[in-house]
Each structure stands twice: as C-alpha cells, then as structure tokens.
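Computed from a prediction, not measured in an experiment: that's the story for all the values here. Residue numbers start from 1 in every chain, and the chains themselves are labelled A, B, ... in the order their sequence lines are given, proteins ahead of strands. In what follows, every heavy atom counts, from backbone to side chain, and hydrogens, waters and symmetry copies are set aside.
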Amino acid sequence: MTEKQTTPAARSSAPVVRFAPSPTGYLHIGGARTALFNWLYAKARGGTFLLRIEDTDRERNNEAAVAAILDGLRWLELDWSGEPVSQFARAARHREAAEQLLASGNAYRCYLTPAELDAMRAAAEAEKRTLSIRSPWRDKNPDEAPADLPYTIRLKAPREGETVVEDHVQGRVVIPNKDLDDLILLRSDGNPTYNLAVVVDDHDMGITHVVRGVDHLTNAARQTQIYQGLGWSVPEFAHVPLIHGPDGAKLSKRHGALGVEAYRAMGYLPVALRNYLVRLGWSHGDDEIMSTEQLVSWFDLDGIGRSPARFDFAKLEALNAHYIRQTDDHELFERAVAILPEIEGGFDIARRLASGAGPQFRAAIPSLKERSKTLVDLIQGAAYVFAARPLALDEKAAKLLDAPAKDMIGKLVTALEKAPEWSAPALEAIVREFSEANGLKLGKVAQPLRAALTGSTVSPPVFDVMAVLGESESLARLRDHAA
RNA sequence: GGUCCCUUCGUCUAUCGGUUAGGACGCGAGAUUUUCAAUCUUGAAAGACGGGUUCGACUCCCGUAGGGACCGCCA
C-alpha cells in the first residue's frame with residue numbers, strides 16, 4: 001500500500017484472494033490464468049494471494065499433482081503468501097459448520113441412499129423431466145429418523161424467490177431458487193463436500209474476492225445460500241470465462257490443455273506466457289506487450305471480458321519471440337540449459353556443454369536470439385556449435401557445395417588465413433574484398449561459406465558464426481569442403 | 001431437457017449512442033538484406049440474424065440462430 005492518506009473504505013479494500021486448485025493433475029493453462037488474475041489483483045491492490053489445495057476427495061488426492069501445481073506456479077513466478085492450506089486438514093471445522101447449520105435449522109439429515117438417488121435421476125430422465133432432488137427428509141420431524149442408518153447433511157435451501165450473484169465479470173446473475181436443490185454438505189462418511197468446504201475456508205481465510213472460472217458460477221449461487229445460512233457475509237465474486245481450444249471446442253491435450261511444464265519444455269518464457277494469458281480475456285486499451293510492472297499497475301477485474309477465448313499458439317510464439325529478444329544472454333543461457341533434459345537431443349547437448357562447448361554456446365546466443373521464437377529454436381539454432389566434423393550437410397547445403405563452390409572455398413581459406421584478427425568485422429572485410437575482386441555478389445560467397453560452416457543454408461550471419469566457432473574450427477570446417 | 005452466460009476482422013481484442021469501427025497475431029505485397037529472422041511501408045479482413053428504442057446504434061431492449069458452463073455423497 002502507498003503512504004497516501006486513505007479513506008476507511010480504501011484502507012479496507014486491500015483484498016485477500018486465493019487460487020484453489022484441486023490436486024487432480026498438473027496446473028493446466030486455464031488454472032494458470034486464473035492464478036495469474038488472482039495474483040495480479042492482489043499485487044495491484046496491495047493485497048494477499050493465498051493458495052489452497054482442494055483435496056477433500058480422498059480418493060483423488062495426489063501428492064505428485066500438488067507438487068506439479070506448485071512447481072507450475074513457481075515457474076510462472078506467481079508467488080503466494082504462507083503455506084498452501086490443505087482443505088482436507090480442515091474437515092473438522094467444516095463439520096462444525098455443518099452442525100451449526102443443522103442447529104439453526106438451515107440444514108437437515110437426509111437418509112436417501114445413493115441407490116434411491118440414482119433411481120430418482122433415472123426416473124426423471126425417463127420422463128424427460130427436470131431433475132430436482134426433493135428429499136422427503138427435509139420436512140420430517142427429527143424423531144422420525146432411523147436410529148442407525150447413515151445419513152448426509154443437506155442444506156435446507158430456500159425454495160421460493162431467487163438467489164443473486166453480484167459478479168465483477170458476469171454482472172448481476174439471478175438464479176431462481178427452485179432450480180437449486182438441497183445440496184449435500186456432509187457426506188454419509190462424515191466428510192465435507194466441496195461447496196461447504198469452500199465457503200468455510202474462504203470465510204476463515206478472510207477471502208474478500210473469489211476469482212475463478214465461470215464453471216463455478218452456479219456454485220456461487222449455492223455457496224451464497226450457505227453463507228446466508230451461516231450468517232456470514234458473501235465475498236465479492238469474479239467468474240472469468242473459460243479458455244477454449246483453437247477450434248472453439250473444449251481445450252484438449254492436442255490444443256493447450258497441457259500442464260504449464262509442457263510450455264516450459266516447449267521453450268516458452270514465463271513472462272511471455274503471462275503476457276499472453278493475461279490478454280486472453282483481459283485488456284487495457286490497445287496494449288499488447290506489457291511488463292509485469294505495467295500489468296500490476298493496470299490490472300483490474302473490470303477489464304475482464306465475458307466471452308470465452310480461444311488459445312492461439314501463433315500469438316504466444318510472437319510474444320515469446322519478442323521476450324526472447326529482450327532477455328539478456330545469461331538468463332537465456334541458463335533457461336536453455338534448464339530445459340535440456342526435457343527436449344529431444346538435449347542429453348547430447350548437455351554433454352557437449354559439459355565438455356567445453358559452453359563458452360561457444362554463450363557466444364552464439366546474441367545472434368541466435370534474434371531469430372528464435374522459443375528456447376527450443378535457440379538450442380536448435382545452436383546445432384552448428386555442437387556439431388562435430390566432418391559436418392553432415394542437409395540437402396540444400398549439399399547442393400550448394402558443388403565443385404565451383406568448393407573451389408571458391410579453397411581460395412577463401414587462403415584469404416581468411418591472413419585475417420589480422422579473427423573477428424566478425426575483420427572476416428567480413430576479407431570476404432567482401434574477395435567477392436568484389438571476383439565480381440561476385442556477397443550472397444554468392446556467403447551461402448557456400450554458410451553451408452560448409454554449419455551444414456545448413458540457414459544460420460545467423462556467417463561472420464558471427466565464424467567468430468563463435470573460432471579460427472581453427474572455422475578453417476577446419478572450410479577445409480573439409482574445399483576442393 | 002432446465003438454469004445461467006456468450007456472439008466486433010481467421011484469432012485475441014478496443015469502442016463505454018455520433019469513429020473512414022482502432023490495435024495485435026496470422027496472411028498478402030513491397031523496402032532492406034549474406035541465408036533465416038528482425039525492422040519499416042503497405043494490402044485484404046469484422047459488428048451472427050431479425051425486430052424495436054433513438055435525431056442517431058457495434059454500443060440499450062426483445063426475439064431467433066449458433067456456442068459455452070452447470071445441473072454428483074467430484075472439485
């Protein structure tokens with residue numbers, strides 16, 4: 001918070017938000033964006049960003065998933081306050097809330113069995129009727145209850161009227177209460193269900209703003225009823241639209257429903273992914289490339305749109321290319337090395353690096369980063385650095401190195417051997433002089449050189465390549481292809 | 001089926017009743033050039049449809065169509 005004088009309202013406006021993933025898998029792209037929005041909102045308002053793991057479903061709990069999610073957040077550089085809260089660990093408190101609801105008459109014990117519920121659903125389906133669970137136990141006298149049968153505790157939700165969700169993104173959403181049934185608060189095994197746990201935890205954690213996917217919009221209405229039953233005030237809501245695949249359908253693995261670690265392995269930078277993700281649904285005028293500082297100062301819930309967005313790799317790549325050019329060489333080197341174990345051929349490169357190719361790779365980065373969309377491109381572009389003599393030529397390079405070209409390279413070697421110093425400008429001067437003397441355009445000379453030096457027709461500027469390779473390696477490669 | 005939400009260039013979006021409907025990615029053309037990039041110039045490209053309201057609608061209202069979310073003793 002700034003030091004400026006604040007009104008009571010402003011002072012109390014420092015929000016407390018949370019990201020609450022369920023540990024069923026990795027941190028997918030939609031979850032990453034939700035976490036980003038929460039994080040930005042907290043940063044923008046001098047608030048607090050908390051984490052809570054929604055692990056009340058013991059059958060699905062998975063420690064590896066929790067670790068993957070935390071790793072994903074860390075990689076994205078979204079830092080949270082304190083330790084992640086385990087929802088499961090708070091089960092006793094949730095039960096207490098259920099009892100409170102029972103005591104105040106806002107909940108009741110329901111002895112409907114799963115089989116009976118299935119039958120009710122099947123009947124509704126057969127009659128093409130809207131299903132609405134109307135438990136017969138809702139209005140029964142407690143002493144009619146069977147003594148030792150398992151029961152669930154259900155919310156005694158209002159049947160008349162409507163429940164209103166005032167949402168920062170969706171606006172005022174009104175849902176008729178007749179369409180909201182008496183949800184289960186406590187399972188027959190005594191464990192709390194999601195909706196109860198969320199309400200109790202959000203309340204206890206002092207959450208002021210709940211920012212999550214629209215798939216929770218109807219839950220917001222149900223949770224509102226629980227808040228009301230408990231006599232607690234409802235937090236502010238912001239339900240953000242979902243991210244769709246390129247075809248408009250649900251995000252599939254082929255598309256982008258990958259864990260963030262997959263984006264890491266594809267060579268994307270966290271800054272780039274953040275910038276891309278924030279623009280999916282949120283905007284600040286025409287701004288596209290925004291620094292984290294700018295995002296923090298501009299971000300607001302009101303800038304989030306209501307329509308779902310499609311994931312577009314091309315735009316992510318464009319942003320990534322931009323950020324790669326902006327990132328300093330050392331950081332690029334570190335990040336590239338870090339993903340080596342995750343990419344094809346990375347193991348061999350790691351070995352070459354360990355056996356002394358590091359300085360050359362570092363030297364190659366400035367020219368490589370100008371033409372790389374991802375770190376993977378950067379690494380692949382450095383293939384010429386890691387290649388061993390005699391170089392394997394690709395098809396186009398082989399075609400380029402015909403007899404006259406080899407002959408020319410022979411002459412070039414002679415000229416280059418006389419270089420006063422082995423630097424890009426000095427080498428360029430020699431080659432330019434050579435081409436002029438022979439009445440050739442520079443490209444006619446540079447391309448065969450490139451082919452012999454890199455085995456490819458595409459590379460950073462040849463003089464940079466020679467400088468990176470050094471005198472002896474460069475000349476050796478050239479001699480390999482000289483007539 | 002019920003409830004709720006959504007609909008501007010191919011994609012992400014700007015516009016908060018009056019604009020030649022803007023930007024970005026992608027795509028086309030050109031410039032530059034040692035290849036590939038980068039960069040610069042430039043072109044094509046949009047208000048789903050139908051009704052209202054209004055002097056005036058992309059913007060407000062209604063309907064239609066299309067899309068999505070939810071409807072578990074999952075979260």
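When heavy atoms are screened at a 4.0 angstrom cut-off, A/Ile175 is found touching the sugar-phosphate backbone but no base atom. Base engagement by A/Thr152 is indicated by at least one non-hydrogen atom pair under 4.0 Å involving a base atom. Among the heavy atoms of the strands lying under 4.0 Å from A/Leu242 are primed sugar atoms or P, OP1, OP2 only; no base atom is included. At a threshold of 4.0 angstrom between heavy atoms, the contacts of A/Leu442 include nucleobase atoms, whether or not backbone atoms are also involved. The residue A/Asn191 sits apart from the nucleic acid: no heavy atom pair falls under 4.0 Å. Using a 4.0 Å heavy-atom cutoff across all strands shown, A/Gly381 reaches no nucleic acid atom at all. Within 4.0 Å of A/Pro308, counting heavy atoms only, lie sugar-phosphate atoms of the nucleic acid but no base atom. Here A/Tyr276 lies out of heavy-atom contact (under 4.0 Å) with every strand. Contact annotation for A/Pro460: base contact, defined as any heavy-atom pair under 4.0 Å involving a base atom.
Residue-to-nucleotide contacts include a donor-acceptor pair under 3.5 Å from the side chain of A/Ser188 to the base of B/rC73. Side-chain atoms of A/Asp55 stay outside donor-acceptor range of the base of B/rA75, with no qualifying N/O pair under 3.5 Å.
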Where do N or O atoms of nucleotides 19-24 of chain B meet protein N or O atoms at under 3.5 Å, pair by pair?
from	atom 1	to	atom 2	distance (Å)
B/rG22	N2	A/Asp286	OD1	2.5
B/rG23	N2	A/Arg279	NH2	3.4
B/rG23	N2	A/Glu288	OE2	2.5
B/rA24	N3	A/Lys315	NZ	3.3

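Under the Watson-Crick and G-U wobble criteria, each requiring two contacts below 3.5 Å, nucleotide B/rA38 is left unpaired. Of all nucleotides present, none satisfies the Watson-Crick or G-U wobble test against B/rU54 with each distance under 3.5 Å. Across every strand in view, B/rC25 sits in a pair with B/rG10 that passes the Watson-Crick or G-U test at under 3.5 angstrom. Nucleotide B/rA69: paired with B/rU3 (Watson-Crick or G-U wobble, both distances less than 3.5 Å).
Remark: A/Glu116 engages A/Thr113 in a side chain to side chain donor-acceptor pair (under 3.5 Å) (not counting sequence neighbours). Evaluation of the side chain to side chain donor-acceptor pair (under 3.5 Å) rule for A/Arg477 yields A/Glu473 as partners, not counting sequence neighbours. Partners of A/Phe19 by ring-ring contact (aromatic ring centres under 6.0 Å, His included), not counting sequence neighbours: none found.
The side chain of A/Ser283 places an N or O atom within less than 4.0 Å of a non-bridging phosphate oxygen (OP1 or OP2) of B/rA14. Contact annotation: A/Arg450 does not reach the phosphate of B/rU35 (side-chain N/O to OP1 or OP2, under 4.0 Å). For the OP1/OP2 pair of B/rA75 and a distance below 4.0 Å, the side-chain nitrogens and oxygens of A/Thr193 include no atom meeting the criterion.
The separation between A/Asp394 atom CG and B/rC36 atom C1' is 13 Å, rounded to whole Å. Straight-line distance from the CZ atom of A/Phe313 to the P atom of B/rC25: 19 Å, rounded to whole Å. Note: CD1 (A/Ile243) to C1' (B/rU11) measures 14 Å, nearest angstrom. Rounded to whole angstrom, the span from the CZ atom of A/Arg222 across to the C1' atom of B/rA75 amounts to 13 Å. The separation between A/Arg306 atom CZ and B/rC16 atom C1' is 13 Å, rounded to whole Å. Separating the CZ atom of A/Phe311 from the P atom of B/rU13 is a distance of 13 Å, rounded to the nearest angstrom. Look at CD on A/Glu166: it is 12 Å from P on B/rC5, rounded to the nearest Å. With rounding to whole Å, A/Asn219 atom CG is found 12 Å from B/rC4 atom C1'.
Figure legend: A/Arg362 and A/Phe333 shown as a cation-pi pair, the cationic atom lying under 6.0 angstrom from the six-membered ring centre and within 45 degrees of its axis.
The pair A/Arg90-A/Asp204 meets the salt-bridge criterion, with a side-chain N (NZ, NE, NH1 or NH2) lying under 4.0 Å from an Asp/Glu carboxylate O.
Each of A/Gly305 and A/Val174 has a nearest nucleotide on RNA chain B; the 5'-most of these lies closest to A/Val174.
When the shell of 6.0 Å around NZ of A/Lys140 is examined, it contains more than 12 heavy atoms from other residues, nucleotides or ligands.
Taking the side chain of A/Arg371 as heavy atoms from C-beta on, and the options B/rC73, B/rC5, B/rU35, the nearest nucleotide is B/rU35. Distance from the side chain of A/Thr218 is smallest to B/rC70 among B/rU35, B/rG10, B/rC70. Ranking B/rU3, B/rA75, B/rU35 by closeness to the A/Asp179 side chain, first place goes to B/rU3.
A donor-acceptor pair under 3.5 Å links the side-chain atoms of A/Asp182 to the main chain of A/Ala157, judged by distance alone.
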Show the atom names and distances, to 0.1 Å, of all donor-acceptor pairs under 3.5 Å that link a side chain in residues 373-384 of chain A to residues at least two apart or in another chain.
from	atom 1	to	atom 2	distance (Å)
A/Thr374	OG1	A/Val376	N	3.2
A/Thr374	OG1	A/Asp377	N	3.0
A/Asp377	OD2	A/Lys373	N	2.9
A/Asp377	OD2	A/Thr374	N	3.4

With a cut-off of 3.5 Å and sequence neighbours excluded, list every side-chain donor-acceptor pair involving residues 429-439 of chain A.
from	atom 1	to	atom 2	distance (Å)
A/Arg432	NE	A/Glu428	OE2	2.9
A/Arg432	NH2	A/Glu428	OE2	2.9
A/Ser435	OG	A/Val431	O	3.0
A/Ser435	OG	A/Arg432	O	3.0
A/Asn438	ND2	A/Phe434	O	2.6

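Look at the P atom in both B/rG10 and B/rU53: the space between them is 32 Å, to the nearest Å.
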